[in-house]
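First the proteins, then the strands, lettered A, B, ... as listed; each starts at 1. Quick caveat: nothing in here was measured; it's all calculated off a predicted structure.
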Amino acid sequence: KAGVTQTPRYLIKTRGQQVTLSCSPISGHRSVSWYQQTPGQGLQFLFEYFSETQRNKGNFPGRFSGRQFSNSRSEMNVSTLELGDSALYLCASSPPPGQGYTEAFFGQGTRLTVV
Amino acid sequence: AQRVTQPEKLLSVFKGAPVELKCNYSYSGSPELFWYVQYSRQRLQLLLRHISRESIKGFTADLNKGETSFHLKKPFAQEEDSAMYYCALSGSGYQKVTFGTGTKLQVIP
């Protein structure tokens, strides 16, 4: 079974630009979550989607948005980029309920650098 | 609300010394607790979950509901244990997984 796939792996953008990151979950997983990982703040939750609906949202400004498609693939968008948005963005998918446990499977992340 | 607290950002131990990575949680029901690990240049992956009560790579973690803790322990640290460790919680019947901010374990040779 293919793992969680994130594209692109690396991005360099300038301040003020916008960026879209993509995540393809494991086949059959309907829950997709996004996290921002930085050395100083660790792993911070951005949002979670389930069946195309945003189910939870973290404490990030409105410049961070996302969506999920009918095939469970998800995209994350950051507008008006700031230097502080430089981070590793991780996507994780989880299996559907009823499988006995909830585990998050992570992609390798997209390394975003804002210059 | 679900919350996971890892009080230490960095834990340095000597090779062969015992390791304890602390994790405290807040959840009103019966949670599922996990430890995830991220080795250098690898993806974040599950290390162990409390319901399976297993030892993985010499690590164990016991859920203490009275103290709402799920500390990760290993009796003798090895250099290859150096990594970032995240404690995580999931509420029963719900898929959202809440992570702590992580502890970097550094094993000194």
Side-chain angles (χ1 to χ4, degrees), chain A residues 2-6 9-10 23-26 28-51 53-59 68 72 74 87-111, chain B residues 1-11 21-23 25-27 29-54 56 61 63 83-106:
Chain A
V4 178
T5 304
Q6 290 187 248
R9 290 289 311 278
Y10 302 93
C23 171
S24 293
I26 291 172
H29 289 191
R30 289 157 59 192
S31 170
V32 173
S33 297
W34 287 89
Y35 299 86
Q36 183 193 66
Q37 187 180 36
T38 57
Q41 301 294 322
L43 202 60
Q44 293 190 286
F45 172 73
L46 281 154
F47 27 66
E48 183 219 359
Y49 286 87
F50 181 82
S51 293
T53 301
Q54 187 180 85
R55 203 158 57 169
N56 280 284
K57 190 176 190 306
N59 294 326
Q68 187 179 34
S72 294
S74 178
L88 181 66
Y89 290 88
L90 295 173
C91 167
S93 72
S94 297
Q99 293 196 356
Y101 59 86
T102 303
E103 176 185 344
F105 293 83
F106 283 85
Q108 290 195 297
T110 295
R111 172 76 62 187
Chain B
Q2 304 176 186
R3 180 169 290 186
V4 177
T5 303
Q6 293 180 251
E8 303 142 326
K9 280 197 168 183
L10 173 67
L11 180 65
L21 299 170
K22 297 190 187 312
C23 172
Y25 68 90
S26 172
Y27 184 71
S30 293
E32 293 181 61
L33 274 299
F34 309 84
W35 276 99
Y36 284 77
V37 62
Q38 187 176 32
Y39 301 104
S40 179
R41 287 190 276 276
Q42 293 187 29
R43 67 178 69 195
L44 197 56
Q45 58 188 291
L46 180 69
L47 179 63
L48 56 78
R49 59 176 69 92
H50 89 272
I51 57 173
S52 51
R53 295 181 173 275
E54 56 197 345
I56 303 291
L63 178 59
M84 196 74 183
Y85 291 81
Y86 291 93
C87 181
L89 173 155
S90 174
S92 57
Y94 185 57
Q95 295 180 324
K96 182 192 173 195
V97 182
T98 299
F99 287 83
T101 50
T103 298
K104 183 176 181 178
L105 175 63
Q106 184 179 59

Exercise. Who pairs with B:Tyr86 by side chain to side chain donor-acceptor pair (under 3.5 Å), at least two apart in sequence or on another chain?
Worked result: A:Gln37
Problem set entry | Minimum-distance pair of heavy atoms, taken over all atoms of A:Leu88 and B:Gln38 | CD2-NE2, 4.4 Å
Problem set entry | Check: A:Phe106 ring centre within less than 6.0 Å of B:Phe99 ring centre | yes
Seminar exercise, completed: Bottom line for B:Lys104: the part with an atom under 4.5 Å from chain A's heavy atoms is neither
